[in-house]
Amino acid sequence: MVLDNLGSSLRGSLDKLRGKSRLDEEDVQEIVKEIQRSLLSADVDVSLVMDLSDSIKTRALEEEPPGGTNARDHVLKIVYEELVGLIGESTEIPLESQTIMLAGLQGSGKTTTSAKMAWWFSKKGLRPAVIQTDTFRPGAYDQAKQMCERAEVDFYGDPDCDDPVQIAREGLEATEDADIHIVDTAGRHALEDDLIAEIEEIESVVQPDLNLLVLDAAIGQGAKDQAQQFDESIGIGGVVITKLDGTAKGGGALTAVNETDSSIAFLGMGETVQDIERFEPNGFISRLLGMGDLKQLSERVERAMSETQLEDEDWDPEEMMKGNFTLKDMQKQMEAMNKMGPLDQVLDMIPGLGGGLKDQLPDDAMDVTKDRMRSFEVIMDSMTDDELENPRIIGASRVKRIAQGSGKDEETIQELLEQHRMMERTIKQFQGMGDGDMQRMMKKLQQQGGGGGMGGMGGMGPF
């Protein structure tokens, strides 16, 4: 994720407090300086960094840690709460009929975001429509149309019309049956007067319920000027931060919301229409500090398993928990994992697996894991239905045949079979669990740093 460097740096700073039961002023001064360096390196605005570090310093010195809480966990809790306070609440977006207009410079990701948001609303049971009014950028119409086809949502645009205001007006009429109208506007390379005038004209026609400013995570300190000018022109009710899957710093975009007194609405994480999530400050900061985000994880798992089942009606994930766990079940689980997004994002959501653990892994560890999963998929595609349903029948001769058919070595096939056996043993442990056991396990995970809140900070053993 784009702010991995910030998260790694903050976690490294906090780790210097390991083993300490009490804090003195020298400890606090040192940790505050480390946090300042981390935030400034991530392009967070200087004045905001100073305000934040002053608050952390004051609280760390004046507040008594709860009983049984060590110095690191005490400061971690303070940093968590102050960062959540810095970026504020999520933009309120009711699940009801409304019109949303997107604004931003060229290259910020507005067109992709319009289709992603439409897909997100469609998964909430609403009927969205995207209206493409960008007549300035060549290819904007075709890109928007293709993205909306992938998202399976309604689309309106007119490649033969050069009047964006007319397109907006006719688009609303043509898609009047939609619950959600998302109006994508043109961008420029800079905030020219004609761009502002055009957006103001479109706004007067569509009368949006909400204006969202789309910002590239790489924008840095330039986010302040953009946010101010767009806000003065049309009023910004929320921000969408895109390209959070890149390697840019990202702090400028995160803190641009302070310039508009608005909030963050959505985060864009990749190129496909599914790579979007609602911004939840608690979960986002929890992930940043290596504490996981169980809420976002559960939503992704549920969606991915549901989509995988829709593609194969004969496969029922609930039956997998009751009977034998086959290679076909494992294959479908891997398909669902691919639908959940990049593996490093998923790991970030698991308490105890993201953050600190990832900091210790080689840079290419995630790539190696993805390659291994792809190898397993190719191997299973070379198996017969009987072998997928009854992996115990796979002996030496079958391993040799599968190796020839898949182009993979026999050792990798044995690794796949061993991985299946391990997963089978794990699922058998779950089969004996009642609802109460499952709830206790989830509660324990949350107490170890899950994204649901900070209620269990005192018991954060692994941190």
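These values consider heavy atoms only, across backbone and side chains, with no hydrogens, waters or symmetry-generated copies.
Under the side chain to side chain contact (heavy atoms under 4.5 Å, CB included) test applied with Arg169, the options Ile167, Val165, Leu172 reduce to a single match, Val165.
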Check the pair Glu277, Phe266 against side chain to side chain contact (heavy atoms under 4.5 Å, CB included), reporting the backbone distance first and the verdict last.
CA-CA 6 Å; Glu277 63 182 57; Phe266 289 96; over 6 Å; no

Check step by step if side chain to side chain contact (heavy atoms under 4.5 Å, CB included) holds for Arg59 and Glu82.
CA-CA 10 Å; Arg59 291 186 58 187; Glu82 291 296 327; 3.1 Å; yes

Assess whether side chain to side chain contact (heavy atoms under 4.5 Å, CB included) is satisfied between Met380 and Lys328, documenting all intermediate values.
CA-CA 8 Å; Met380 286 189 279; Lys328 183 182 177 184; over 6 Å; no

Going through the distances and angles, do Leu212 and Met117 end up as a side chain to side chain contact (heavy atoms under 4.5 Å, CB included)?
CA-CA 11 Å; Leu212 294 179; Met117 284 176 53; 3.7 Å; yes

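A pairwise comparison of heavy atoms in Thr175 and His181 identifies O-NE2, 2.7 Å as the closest pair. Of all non-hydrogen atoms in Asp134 and Ala186, the two that sit nearest each other are OD1-CB, 3.2 Å. Between Val273 and Trp119 the shortest heavy-atom distance is O-CE3, 3.6 Å. In plain terms, the two heavy atoms of Ser233 and Ile196 that are nearest each other are OG-CG2, 3.2 Å. Nearest heavy atom pair, residue Glu89 against residue Pro281, reads CA-CG, 4.1 Å. Across every non-hydrogen atom of Ala118 and Val130, the tightest pair is CB-CG2, 3.8 Å.
Other residues, nucleotides and ligands place no more than 12 heavy atoms under 6.0 Å from the CG atom of Asp162. The 12-atom threshold is exceeded at CD of Glu63, counting heavy atoms of other residues, nucleotides or ligands nearer than 6.0 Å. Counted within 6.0 Å of CD on Glu92, heavy atoms from surrounding residues, nucleotides or ligands total 12 or fewer; the atom is thus considered open.
A salt bridge links Lys145 with Glu149: at least one charged nitrogen is closer than 4.0 Å to a carboxylate oxygen. Between Lys33 and Glu30 no salt bridge is recorded (no basic side-chain N to carboxylate O distance below 4.0 Å). Contact check on Arg127 versus Asp154 returns a salt bridge, with a Lys/Arg side-chain nitrogen under 4.0 Å from an Asp/Glu carboxylate oxygen.
With hydrogens and angles disregarded, a donor-acceptor distance shorter than 3.5 Å links the side chain of Ser204 to the backbone of Glu201. A side-chain donor-acceptor contact under 3.5 Å links Lys116 to the backbone of Asp275. Checked by atom type and distance alone, the side chain of Ser114 pairs as donor or acceptor with a backbone atom of Thr111 at under 3.5 Å. For Ser263 (side chain) and Thr91 (main-chain N/O), a donor-acceptor pair under 3.5 Å exists by modelled atom type. One N or O on the side chain of Asn211 and one on the backbone of Gly235 form a donor-acceptor pair closer than 3.5 Å. Judged by distance alone, the side chain of Ser108 and the main-chain N or O of Gly104 form no donor-acceptor pair under 3.5 Å.
A side-chain donor-acceptor contact under 3.5 Å links Ser53 and Gln36. Side chain to side chain, Glu203 and Gln207 fail the donor-acceptor criterion of an N or O pair below 3.5 Å.
Rounding to the nearest 0.5 Å places CG of Leu102 at 7.0 Å from CD1 of Ile182. Here the CG-CD1 distance, from Asp209 to Ile93, works out to 11.5 Å after rounding to the nearest 0.5 Å. Distance OG1/Thr113 to CD1/Ile100: 12.0 Å, rounded to 0.5 Å.
In summary, the aromatic rings of Tyr156 and Tyr141 are positioned with their centroids too far apart to meet the 6.0 Å limit.
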